[in-house]
Amino acid sequence: MATREPPGLELVTTPIPAGAQPGDMADTKDGREEQAHHAERRQRERELAEALARGEEPEPEPDLEAVDGNDLAGVESELDELSFPATGEEVVERVGDRELATANRTYTVADLVSDSGLVRFDSPAAIRARLARPEVAAALRRITEAVGTVEALSDRDIDERLEAYERTFREIVALAPEDYEDAVQVVTEWILDVVRGDERVPSSRAVRRRAAVYCRANGYEVPDDNWLSV
């Protein structure tokens, strides 16, 4: 005999969106931001795995180097004695007083690299790439010191965000070679406003979007396949 639901009760089911999996996060702003962050992390991990499989490591870009090449080479050679990955603290302890000359002024490595354990470099070439554009390095140093006060993120999460910010700044240099200093300053101040005002570290996508807005507003095209195009 067929069973019937007791009178007055109705079975209510909630439709599951197509492609959804058990345990998916709720469709809220926080949930979407967290999903986007996880997607970016997976993409970076895939890119890193592919690069390692090809035996690649970051190489300096001579056309983007604003620092005297001999100064960079000297710093890079001294760093060969460090064990990598190395922290910013280890780098500053080793070569913090080394001077780097540009056309307008002279910096020390300590001016450009935060002596924090949050900063990690995989090779001397990666440090050279960071130091090659002092404006970018100085901006990342300021951001590193600010995000270190945000307790909601792990060291790994902060490290990944900083890597993404650096890539964003380097894309700005490539897209807006005449205005990159102003662009980096504008984006840096925006990041710091978010960190200090909202006590959170903006996502890579949000920073890339802000950088793209600046570039387009100042007449620089952002191709659809560019890192900043999100």
Side-chain angles (χ1 to χ4, degrees), residues 20-53 56-58 79 82-94 96 109-110 112-131 136-172 184 187-211 227-228 230:
Q21 299 294 326
D24 281 355
M25 287 172 281
D27 186 22
T28 63
K29 180 180 179 182
D30 289 343
R32 289 192 296 272
E33 288 183 351
E34 188 66 16
Q35 286 176 324
H37 175 54
H38 289 322
E40 289 169 7
R41 173 186 289 180
R42 289 193 294 270
Q43 178 63 27
R44 287 193 296 271
E45 289 174 346
R46 284 194 296 270
E47 291 174 353
L48 177 59
E50 291 171 0
L52 291 175
E56 296 177 354
E57 69 173 359
L79 292 170
L82 283 183
S83 297
F84 287 88
T87 65
E89 181 179 11
E90 292 170 325
V91 171
V92 171
E93 182 178 354
R94 178 68 184 173
V109 172
L112 305 177
V113 176
S114 173
D115 58 349
S116 165
L118 295 176
V119 182
R120 295 177 179 82
F121 298 97
D122 291 330
S123 68
I127 299 172
R128 175 175 180 145
R130 170 73 63 87
L131 297 174
V136 169
L140 289 166
R141 186 183 190 280
R142 293 180 63 202
I143 294 169
T144 299
E145 293 173 353
V147 302
T149 64
V150 179
E151 299 180 357
L153 291 179
S154 67
D155 288 355
R156 178 182 177 183
D157 286 335
I158 292 175
D159 188 44
E160 290 177 349
R161 298 282 175 96
L162 292 173
E163 287 180 4
Y165 296 170
E166 180 173 13
R167 181 172 177 181
T168 295
F169 288 150
R170 293 182 70 79
E171 289 293 341
I172 290 175
V184 168
V187 175
T188 298
E189 293 300 333
W190 180 83
I191 293 171
L192 294 176
D193 285 346
V194 173
V195 172
R196 294 165 179 163
D198 298 345
E199 295 186 351
R200 65 181 179 86
V201 183
S203 69
S204 167
R205 288 178 64 85
V207 173
R208 287 149 62 188
R209 188 178 298 113
R210 182 66 185 87
W227 169 255
L228 302 185
V230 294

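Remember, predicted model here, so these are calculated numbers, not experimental data.
Side chain of R161 to backbone of V201: a donor-acceptor contact under 3.5 angstrom is found.
D159 pairs by the side-chain contact (heavy atoms from CB on, under 4.5 Å) definition with R120, E163, not counting sequence neighbours. Qualifying salt bridge (charged side-chain N to carboxylate O under 4.0 Å, His left out) partners for E166, counting only residues two or more places apart in sequence or in other chains: R130. Here A138 pairs with L112 under the side-chain contact (heavy atoms from CB on, under 4.5 Å) rule; sequence neighbours left out. Shown here are the side-chain contact (heavy atoms from CB on, under 4.5 Å) partners of E145, two or more places apart in sequence or in another chain: S114, R141. Take S116 and apply the side-chain hydrogen bond (donor to acceptor under 3.5 Å, both in side chains) test, not counting sequence neighbours, and it matches no residue. Here R209 pairs with nothing under the side-chain hydrogen bond (donor to acceptor under 3.5 Å, both in side chains) rule; sequence neighbours left out.
A 4.5 Å side-chain heavy-atom check between L162 and I143 finds at least one atom pair inside the cut-off.
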- Given side-chain contact (heavy atoms from CB on, under 4.5 Å), test Y165 with V136 step by step and report yes or no. CA-CA 10 Å; Y165 296 170; V136 169; over 6 Å; no

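The two residues F169 and A139 have their closest heavy-atom pair at CE1-CB, 4.1 Å. Closest non-hydrogen pair, R208 versus W227, comes out as NE-O, 2.8 Å. Between P85 and D122, the shortest heavy-atom distance links the atoms CB-OD1, 3.9 Å. Between A86 and V91 the shortest heavy-atom distance is CB-CG2, 4.4 Å. Nearest heavy atom pair, residue V113 against residue F121, reads CG1-CE1, 4.0 Å.
Ion pairing between E90 and R94 fails under the 4.0 Å rule for side-chain N and carboxylate O.
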Can you give the donor-acceptor pairs under 3.5 Å from side chains of residues 187-194 to other protein atoms, not counting sequence neighbours?
{"unit_1": "T188", "atom_1": "OG1", "unit_2": "V184", "atom_2": "O", "d": "2.7"}
{"unit_1": "E189", "atom_1": "OE2", "unit_2": "R142", "atom_2": "NH1", "d": "2.9"}
{"unit_1": "E189", "atom_1": "OE2", "unit_2": "R142", "atom_2": "NH2", "d": "3.1"}
{"unit_1": "E189", "atom_1": "OE2", "unit_2": "Q185", "atom_2": "NE2", "d": "3.1"}

